[in-house]
Amino acid sequence: MAEPFRIKVVEPIRLISREERQRKIREAGYNVFGLVSDDVYIDLLTDSGTSAMSDNQWAGIILGDESYAGCRGFSHLEGAVRDVLGFNYVVPAHQGRAAERLLFQVVVKKGDVIPFNMPFDTTDACIRSLGGRPVNCVADIAYEPQAIDPFKGNIDLVKLRALITEVGAQRIPFIMLTITNNAGGGQPVAMSNLKAVKEVASEYNIPVFIDAARCAENAYFIQQREGGYQNKALAEIIREQFSYSDGCAFSCKKDPMANIGGLIGLNDEELYQKILPLLIAQEGFITYGGLAGRDLEAVARGLYEMTDDDLMANRIRQVEYLGERLDKAGIQIIKPVGGHAVFVDAAAFLPHIPQDYFPADTLAVELYVESGVRGVGLGALAFSIPDEETGEIIPPKMELLRLAIPRRVYTDRHMDVVAEGLKRVYERRNQVRGLRIMHAPPVLRHFLARLEPV
Ligand code: PM9
């Protein structure tokens with residue numbers, strides 16, 4: 001089936017010359033975050049806030065009610081969150097990390113431990129800034145890029161139980177599952193795993209929260225891969241996922257295809273009431289939370305749109321299409337291909353570059369120079385963390401180049417260009433040199449670092 005939409009508005013893009021690209025990336029400190037978007041031909045830096053909104057979402061923008069209190073958009077958002085996610089209380093926020101922070105400030109205390117499958121980098125940084133410690137409990141197979149498994153985002157229940165026994169349930173304010181698991185390659189979590197985690201959590205009276213940014217993509221994988229779900233609609237599966245949780249933090253810039261927006265969904269009124277004063281102090285009044293009324297409309301409409309079975313099938317197919325092209329060229333990628341992105345195994349691509357010289361970020365730079373395509377390195381530059389006791393820097397287990405595909409934005413021809421560019425870098429991979437840091441902040445350094453070729 002071709003795209004279940006047609007294109008009504010277009011945005012011109014251009015490819016600058018190779019010499020210009022070399023100059024631009026040098027000026028950007030060999031960090032793709034420093035590039036100006038006009039100098040990027042195909043932008044796969046992120047699928048967050050970069051999707052094409054539908055005519056219905058744009059109509060919502062025009063209809064947005066900008067009243068400070070009690071705007072219509074908030075009622076629509078409440079309705080959508082109740083219908084699509086199944087939560088009674090909604091805390092609007094300007095984006096996902098603001099939603100997380102509001103929730104975490106209320107529930108995380110210094111010394112707390114939070115079991116995750118894998119937290120995303122900003123989520124990890126937020127918990128640490130509040131004195132908590134996220135712990136990866138993802139199944140080991142998540143660290144084997146070539147191993148085929150339908151649900152590589154699952155929590156390992158043995159690891160989870162061992163952690164609860166080791167630190168004690170009183171130090172665990174909640175368990176969190178990121179669906180799909182972005183940091184681990186956009187890999188899904190099975191419904192059976194969500195259910196089992198909830199059962200373990202209930203034994204110890206620990207709440208479960210979901211990082212829901214890509215919950216509809218996760219539901220699609222459940223529909224395609226998990227027994228008993230083939231004949232269920234995406235909408236039904238999405239709701240069932242949340243039924244095994246006590247709430248969610250949601251970046252609505254991903255699956256709901258809004259350019260901005262986030263929320264917390266809850267059924268616990270007491271917790272909701274505790275968050276409200278922080279919401280007013282930090283984001284805005286409780287019915288707009290740092291967003292314009294028009295944005296609330298786009299989010300509310302996007303929440304319904306993400307449940308469209310045909311749209312989701314088409315979106316995942318495009319990501320798979322790019323993955324298959326790279327795989328055929330002998331380029332190692334995380335398999336199976338994730339929901340929102342193709343993750344290239346940069347350590348396997350550039351085996352001669354040690355992790356200290358950032359193979360993932362090097363590959364992102366090379367791909368930009370080769371073809372004007374912007375991906376992002378997710379490796380030692382992004383995810384190294386100091387050991388709690390020794391202070392020694394511990395690098396992550398994987399070096400990945402992420403090619404995140406915005407929804408409804410690029411055609412398969414664009415994907416062909418991406419694949420061809422990466423193939424050309426692959427052909428000359430032995431000549432590629434790594435990068436070293438010239439300047440970087442102590443945390444979240446991949447966003448701001450300036451580098452130079454070794
Ligand atoms: N994710 C991404 O590109 C955008 C920021 S980094 C370039 O993948 C999860 C699973 C995310 C995420 C953001 C956030 C934060 C929370 N959870 O970006 O603040 O992938 O709306 O959401 C990015 P916001």
Side-chain angles (χ1 to χ4, degrees), residues 91 96-140 142-143 153-179 181-184 189 193-212 242 244-250 264-275 277-278 282 383-394 396-397 442-444:
V91 176
R97 69 200 72 180
E100 282 168 4
R101 194 163 184 83
L102 288 165
L103 177 65
F104 296 162
Q105 283 174 97
V106 172
V107 289
V108 177
K109 294 187 308 301
K110 202 168 178 331
D112 280 350
V113 171
I114 293 97
F116 262 88
N117 48 352
M118 253 192 215
F120 190 61
D121 54 2
T122 50
T123 313
D124 187 283
C126 181
I127 291 175
R128 285 177 198 279
S129 75
L130 295 166
R133 179 165 62 94
V135 177
N136 281 357
C137 292
V138 73
D140 286 341
Y143 300 111
N154 280 357
I155 277 196
D156 180 331
L157 298 168
V158 176
K159 285 189 196 172
L160 177 64
R161 279 192 186 277
L163 182 66
I164 300 173
T165 311
E166 184 198 324
V167 304
Q170 70 288 349
R171 278 180 64 200
I172 301 182
F174 60 93
I175 298 167
M176 197 153 191
L177 284 130
T178 313
I179 64 170
N181 180 17
N182 186 6
V189 176
N193 194 249
L194 285 165
K195 201 171 170 181
V197 168
K198 182 64 183 156
E199 277 164 15
V200 173
S202 303
E203 274 177 45
Y204 296 94
N205 225 356
I206 302 171
V208 174
F209 293 122
I210 289 180
D211 177 340
F242 290 103
Y244 304 121
S245 79
D246 296 277
C248 73
F250 199 159
I264 304 171
L266 292 170
N267 282 328
D268 177 346
E269 191 188 349
E270 206 181 312
L271 181 54
Y272 170 70
Q273 293 293 345
K274 281 188 192 156
I275 294 172
L278 292 173
Q282 296 172 16
F383 294 131
S384 293
I385 40 166
D387 183 82
E388 297 252 300
E389 274 133 42
T390 63
E392 188 198 341
I393 301 294
I394 307 184
K397 292 189 181 159
V443 286
L444 294 173

- Nearest non-hydrogen partners of Pro134 and Asp124, listed with the distance: CG-OD2, 3.6 Å

- Closest approach of Ala201 and Val208, non-hydrogen atoms and distance? CB-CG2, 3.5 Å

- Note on the structure: Residues passing the side chain to side chain contact (heavy atoms under 4.5 Å, CB included) test with Thr165, sequence neighbours excluded, are none

- Verdict with reasoning, Asn117 to Val197, per side-chain contact (heavy atoms from CB on, under 4.5 Å): CA-CA 10 Å; Asn117 48 352; Val197 168; over 6 Å; no

- One should read off an interatomic distance between Lys159 NZ and Glu166 CD, to the nearest 0.5 angstrom, of 13.0 Å

- Which atom of Pro115 lies closest to which atom of Ile172, heavy atoms considered: CD-CG2, 3.5 Å

- Message: Measuring from atom CG of Asp121 to atom SG of Cys126, what distance do you get when rounded to the nearest 0.5 angstrom?
- Response: 12.0 Å

- Query: Got more than 12 heavy atoms from elsewhere within 6.0 Å of CD, Glu392?
  - Reply: no

- Item | Ile210 CD1 to Leu194 CG distance, which is reported to the nearest 0.5 Å | 5.5 Å

- How long is the gap from CG on Leu177 to CZ on Phe116, to the nearest 0.5 Å? 9.0 Å

- Contact check, side chains of Asp112 and Val167, non-hydrogen atoms, under 4.5 Å: no

- Where do Val138 and Tyr143 land on the side-chain contact (heavy atoms from CB on, under 4.5 Å) test, with the steps shown first? CA-CA 9 Å; Val138 73; Tyr143 300 111; 3.5 Å; yes

- Query: Under a 4.5 Å cut-off applied to non-hydrogen side-chain atoms, are Phe104 and Thr123 in contact?
  - Reply: yes

- Message: Set out, in order, the CA-CA distance, both residues' side-chain angles and the distance that settles side-chain contact (heavy atoms from CB on, under 4.5 Å) for Arg101 and Arg97, then state yes or no.
- Response: CA-CA 6 Å; Arg101 194 163 184 83; Arg97 69 200 72 180; over 6 Å; no

- Query: What are the two closest non-hydrogen atoms of Gln105 and Leu130, and how far apart are they?
  - Reply: N-CD1, 3.8 Å

- Under a 4.5 Å cut-off applied to non-hydrogen side-chain atoms, are Leu103 and Phe209 in contact? yes

- Query: What closest approach, in Å, do Ile206 and Ala169 show between heavy atoms, and which atom pair accounts for it?
  - Reply: CD1-CB, 4.1 Å

- Item | Euclidean distance, Ile179 CD1 relative to Asn193 CG, rounded to 0.5 Å | 11.0 Å

- Task: Of all the heavy-atom pairs spanning Asn181 and Gly153, show the shortest one and how long it is.
- Result: CB-CA, 4.0 Å

- Are Leu157 and Cys137 close enough that some pair of their side-chain heavy atoms sits under 4.5 Å apart? no

- Note on the structure: Across all chains, not counting sequence neighbours, the ring pair (Phe, Tyr, Trp, His ring centres under 6.0 Å) partners of Phe242 are Phe87

- Heavy-atom check, side chain of Thr178 versus side chain of Met118, under 4.5 Å: no

- Message: Any non-hydrogen side-chain atom of Asp268 less than 4.5 Å from a side-chain atom of Asp246?
- Response: no

- Message: Rounded at 0.5 Å granularity, tell me how far CD1 in Ile155 sits from CZ in Arg161.
- Response: 12.5 Å

- Task: Kindly indicate whether the side chain of Lys397, heavy atoms from C-beta on, has any atom under 4.5 Å from the side chain of Phe383.
- Result: no

- Task: Would you check if Ile275 and Leu266 make a side-chain contact, meaning some heavy-atom pair closer than 4.5 Å?
- Result: yes

